[in-house]
Asker: 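Mind looking over this structure? Questions follow.
Residue numbers start from 1 in every chain, and the chains themselves are labelled A, B, ... in the order their sequence lines are given, proteins ahead of strands. Keep in mind that the numbers below use all heavy atoms, side chains included, and drop hydrogens, waters and symmetry copies.
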2 protein chains.
Amino acid sequence: MDIHHIRVFASVYKHKSFSKAAEELHLTQPTVSDHVKALEEELKCRLFDRLSRKVIPTREAAVLIGRAQAIIEKVEGFKDVLGEFRKDLSGHLVVGASTIPGTYILPCLTASFRRKYPSVLFEIVVSDSRAIIDKVAGDELLIGIVGARLESRQVDYKPFLDDELIAVAPNSFEMRKNMGIRDIAELPIVMREQGSGTRREFEKILEKEGIDFQHLNIVALFGSTDAVKQAVKEGMGISVISRRAVKDELKCGMLKEIRIKDADMKRQFYIINHRKRTLPHLCKMFADYLLAGC
Amino acid sequence: MDIHHIRVFASVYKHKSFSKAAEELHLTQPTVSDHVKALEEELKCRLFDRLSRKVIPTREAAVLIGRAQAIIEKVEGFKDVLGEFRKDLSGHLVVGASTIPGTYILPCLTASFRRKYPSVLFEIVVSDSRAIIDKVAGDELLIGIVGARLESRQVDYKPFLDDELIAVAPNSFEMRKNMGIRDIAELPIVMREQGSGTRREFEKILEKEGIDFQHLNIVALFGSTDAVKQAVKEGMGISVISRRAVKDELKCGMLKEIRIKDADMKRQFYIINHRKRTLPHLCKMFADYLLAGC
DNA sequence: ATTATTGCATTAGGATACCTTATTCCCGCC
DNA sequence: GGCGGGAATAAGGTATCCTAATGCAATAAT
């Protein structure tokens, strides 16, 4: 019982002719004969009386034609269901983000996306990079934006925006000229916790310069970027932090940047997703929107 | 886009497994893989994420599954529609019949059929054999019961009941012993019209005996059997008529039978239908009921 | 770590169903 | 009786579908 047979049956019924049906379906007349015959054998009942000049459907055919048309319609519509679904850009979109992207990047980007697609409801889950990566690897989150690239074979990283780490000090700090990375390492430092992408990038920079992280003069660890900023403002020490996080403070003079002459402090943000999972349409649209530069 | 593909898709969705689906559908796992792949290519979207140990439907699959199940259900039901239809033995059943069957046979048989299937509405069209045969040949009637076999390549005859023509005379008639067919031919005769099966059978009998119908002493022609009977009772002459038509009159002595020693006056009734048309189910059931001896 | 186990993908082969062309058959119509 | 329209039949090629065997990746077990 194939959809083909049903299609042929319906066409013959419509035209009351095998050859007309063949024409409509771009088949030959013998093929149509064959399919009708196959259906008749399967149903164990004659569907058409083939008179010399005309073809007359039997009562059974008349009973079946409605059902046949319904089936054809449904099958035709099968593809279209997807089209409808794709057009409908609304729904609940959960995005994981590490601290910097979640706090200083996504609020702006989600706002602009929502201006384009107003019926989208965003939920931004903010945590540190390690936690977001784990959640994506573990299928708890479908998409995430993080500031570090940690080993995980489950996760696919796509470079997103550039960022730069800078060293910041309290406004009272007396800046020397031409400070290098090794000078920084001598100062008292306030840092984020272990899983932080910012911290990890800083560790990598130190490593490249041959400086052991253990030997830093770390005076406090905080679970949030804001806490770090507050601590620096209070004069606990300096910190190394995303330029994006302290843009406002630098502008109004609450913090000052320590320019470092010898280290490349650039870093990347990444859009991440599970390597094997297909993103739902809305999710994919958002990712593409971000990657295309919004 | 084949029904097969959809069936496989639905099964994989149900079991979240290609191999379980293969088992359910009595296919092999590669076949299932192939079909899913074909569907995915046709729809240009991934339907399942194949993780190592589990298969997870994508959002698109979730959207399609409802439609898929609806299609499958409809296709499964396609055959059953016929079953339902066949069970329903009710409706309007038009049967053509020549005079004798229509008057003396069908009333009894339709009554017994209706005791079995009470929701059938009979309509018996009575005319002479020629007219009924023409209507069946011309698709005006689907089924008929007649007392003569006339040439028509459109019509299929199935022998039904036996009948016997007998000669009847008014009660006042003075019977001689050992009357033969040639004696009958001498008497004044009352007859049915040209198209009558009874008349035609009588002509055939005469012909076999070498008697020319033109030489009969015909005194009246009537359009109905009852009229003939009345005429005989009134003493207009004798007649040759179906035994079934005069059963009651013979019993209560209103007519008397003239026994004829030398002629075989047996004849057949036939159930007829168009050679090329398929009978609707109710019609076929009734024909089978009659042919099976009720 | 190494080795099973599970589960999907891939490949090659053979059977089957499908479609086509050519031809025949049937019936109604000149 | 010959003609013509329309379906059935026959024969052949091809695409499809299925099986069996193998590959490959991710767990789970030793």
Asker: To the nearest Å, give me how far apart NZ (Lys54(B)) and C1' (dC8(C)) are.
Answerer: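 Between C1' of dC8(C) and NZ of Lys54(B): 16 Å.
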Asker: Over all strands shown, is Val55(B) touching base, sugar-phosphate only, or nothing at heavy-atom distances under 4.0 angstrom?
Answerer: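 Sugar-phosphate, backbone atoms only, no base.
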Asker: If you draw a 6.0 Å radius around NZ in Lys16(A), do more than 12 non-hydrogen atoms from other residues or ligands fall strictly inside?
Answerer: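 Atom NZ in Lys16(A) is crowded, with more than 12 foreign heavy atoms closer than 6.0 Å.
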Asker: Quick check on DNA chain D: between His4(B) and Gln154(A), whose nearest nucleotide comes earlier from the 5' end?
Answerer: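 Closer to the 5' end of DNA chain D: His4(B).
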Asker: Please check if the number of heavy atoms outside Glu193(A) that lie under 6.0 Å from its CD is greater than 12.
Answerer: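 Yes, CD of Glu193(A) has more than 12 neighbouring heavy atoms, counting only those of other groups under 6.0 Å.
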Asker: Within the side chain of Arg267(A), is there an N or O that forms a donor-acceptor pair under 3.5 Å with the backbone of Gly147(A)?
Answerer: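 Yes; judged by distance alone, with no hydrogens or angles, the pair exists.
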Asker: Starting at atom CG of Asp49(A), determine the distance to atom P of dG6(D), rounded to an integer number of angstrom.
Answerer: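 Going from CG in Asp49(A) over to P in dG6(D) covers 18 Å.
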Asker: Please state how far atom NE2 in His35(A) lies from atom P in dA7(D), giving the value in whole angstrom units.
Answerer: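 Computing the His35(A):NE2 to dA7(D):P distance gives 16 Å.
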Asker: Report the residue (Lys276(B) or Arg50(B)) whose heavy-atom-nearest nucleotide on DNA chain C is the more 5′ of the two.
Answerer: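 Final value for this comparison: Arg50(B).
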Asker: Might you confirm whether atom CD of Glu23(B) has over 12 heavy atoms from other residues, nucleotides or ligands at distances under 6.0 Å?
Answerer: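 No - once you tally the heavy atoms of other residues, nucleotides and ligands closer than 6.0 Å, there are 12 at most.
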Asker: Establish, with yes or no, whether the OP1 or OP2 oxygen of dA17(C) is under 4.0 angstrom from a side-chain nitrogen or oxygen of His5(A).
Answerer: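 False: His5(A) side-chain N/O out of range (4.0 Å or more) of dA17(C) OP1/OP2.
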Asker: Toward the 5' end of DNA chain C, which comes first, His26(A) or Arg275(B), by nearest nucleotide?
Answerer: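 Closer to the 5' end of DNA chain C: His26(A).
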Asker: From C-beta outward on Thr31(B), which listed nucleotide comes closest to its side chain: dA22(C), dT19(D), dC8(C)?
Answerer: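 Nearest nucleotide to the side chain: dT19(D).
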Asker: In whole Å, I'd like the distance from the NE2 atom of His274(B) to the C1' atom of dG28(C).
Answerer: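 The answer, rounded to whole Å, is 12 Å.
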Asker: Between C1' on dC18(C) and CD1 on Ile6(A), what's the gap in Å once rounded to a whole number?
Answerer: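 To the nearest whole Å, that distance equals 17 Å.
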Asker: Of the listed nucleotides (dT11(C), dC8(C), dA8(D)), which one gets closest to any side-chain atom of Ser19(B)?
Answerer: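 When the side chain of Ser19(B) is considered, dC8(C) is the closest of dT11(C), dC8(C), dA8(D).
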Asker: Just to verify, which of Arg275(A), Lys276(A), Arg277(A) counts as forming a salt bridge (Lys or Arg N to Asp or Glu O under 4.0 Å) with Asp139(A)?
Answerer: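 With Asp139(A) as partner, salt bridge (Lys or Arg N to Asp or Glu O under 4.0 Å) holds for just one option, Arg277(A).
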Asker: Quick one: Ile3(A) CD1 to dT16(D) P, roughly how many Å, whole number?
Answerer: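 Rounded to whole Å, this separation is 17 Å.
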Asker: Considering only dC17(D), dC8(C), dT20(C), which nucleotide approaches the side chain of Thr28(A) most closely?
Answerer: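 The listed nucleotide nearest to Thr28(A)'s side chain is dT20(C).
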Asker: Nearest-Å distance, CZ (Phe48(B)) to P (dG7(C))?
Answerer: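 For the pair Phe48(B) CZ and dG7(C) P, the rounded distance is 16 Å.
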Asker: With a 4.0 Å cut-off on heavy atoms, is Leu27(B) in touch with a base, just the backbone sugar-phosphate, or nothing at all?
Answerer: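 The residue Leu27(B) makes sugar-phosphate contact but no base contact.
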Asker: Over how many whole Å does the gap from Lys37(B) atom NZ to dT16(D) atom P extend?
Answerer: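 These atoms are roughly 14 Å apart.
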Asker: Check this one for me: any side-chain N or O of Ser33(B) less than 4.0 Å away from OP1 or OP2 of dA9(C)?
Answerer: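 Yes.
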